[in-house]
Amino acid sequence: MNIFRFAGDMTHLISILVLLLKIYATKSCSGISLKTQELYALVFLTRYLDLFTDFISVYNTIMKLVFIASSLAIVWCMRMHRVVRRSYDKEIDTFRHYFLILASFLLAVLVHEKFTFQEIFWAFSIYLEALAILPQLVLLQRSGNVDNLTGQYVFFLGAYRAFYILNWIYRYFTEQHFSRWIACLSGIVQTALYADFFYYYFISWKNNAKLQLPA
Amino acid sequence: EPSFYPKDEL
């Protein structure tokens with residue numbers, strides 16, 4: 001494992017901790033898209049089917065379990081928690097995420113590395129992860145104001161993607177055979193979706209002002 | 001060489 005991959009995993013972990021902190025400390029999930037969180041839960045559940053079949057390392061196994069458990073916990077909180085669910089911006093979180101699931105599944109059936117159950121679900125999870133942030137970005141755009149922790153949550157998620165691209169570049173030059181093009185292309189699409197958000201995030205950071213997205 | 005299972009990234 002190289003430093004970029006590790007930094008990517010850590011920023012991913014931090015983003016989840018920031019989100020859990022926001023929900024726990026403020027007992028509110030305003031500004032957070034339940035649709036995006038449900039998509040992430042589905043992404044982890046379908047990608048980590050290999051928990052039952054392959055062992056890579058203790059690190060990988062623990063991280064996989066953490067990602068599955070935390071994404072399910074967040075969805076549970078936003079749907080079931082007596083106090084938290086009241087702050088959910090239901091009226092503006094209207095992105096039709098079922099279409100993203102359907103499109104990702106069709107693409108996975110058509111484009112995969114091998115026609116097996118695991119490989120198709122792996123490809124599905126990669127495509128779905130690339131698109132899963134869309135409901136969140138649309139929600140932020142609609143609400144205009146972004147509170148600090150929500151802004152940092154999305155920032156760390158984007159940073160995680162950026163580090164993964166550096167990781168692939170590094171692996172491309174250091175490993176003899178590297179052909180993970182499904183993951184790489186989807187990863188580039190996914191990171192590009194954050195470009196607009198990053199632009200406004202850095203402007204607000206530079207001006208030391210509250211993050212605001214244009215309508 | 002294609003990267004079938006196992007996948008080593010998260």
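Residue numbers start from 1 in every chain, and the chains themselves are labelled A, B, ... in the order their sequence lines are given, proteins ahead of strands.
Counting heavy-atom pairs under 4.5 Å between each of A/Met63, A/Met1, A/Arg5 and chain B puts A/Arg5 at the top.
Heavy-atom distances place the side chain of A/Phe67, and not its backbone, under 4.5 Å from chain B. With a 4.5 angstrom heavy-atom cutoff, A/Asn60 touches chain B via backbone and side-chain atoms both.
Comment: B/Asp8 engages A/Arg171 in a salt bridge, judged by a side-chain N to carboxylate O separation of less than 4.0 angstrom. No salt bridge links B/Glu9 with A/Arg47; every basic N to acidic carboxylate O contact stays at or beyond 4.0 Å.
Enclosure of atom CZ in A/Phe105 is not indicated, since only 12 or fewer non-hydrogen atoms of other residues, nucleotides or ligands lie within 6.0 angstrom.
Separating the OH atom in A/Tyr59 from the CG atom in B/Leu10 is a distance of 6.0 Å, to the nearest 0.5 Å.
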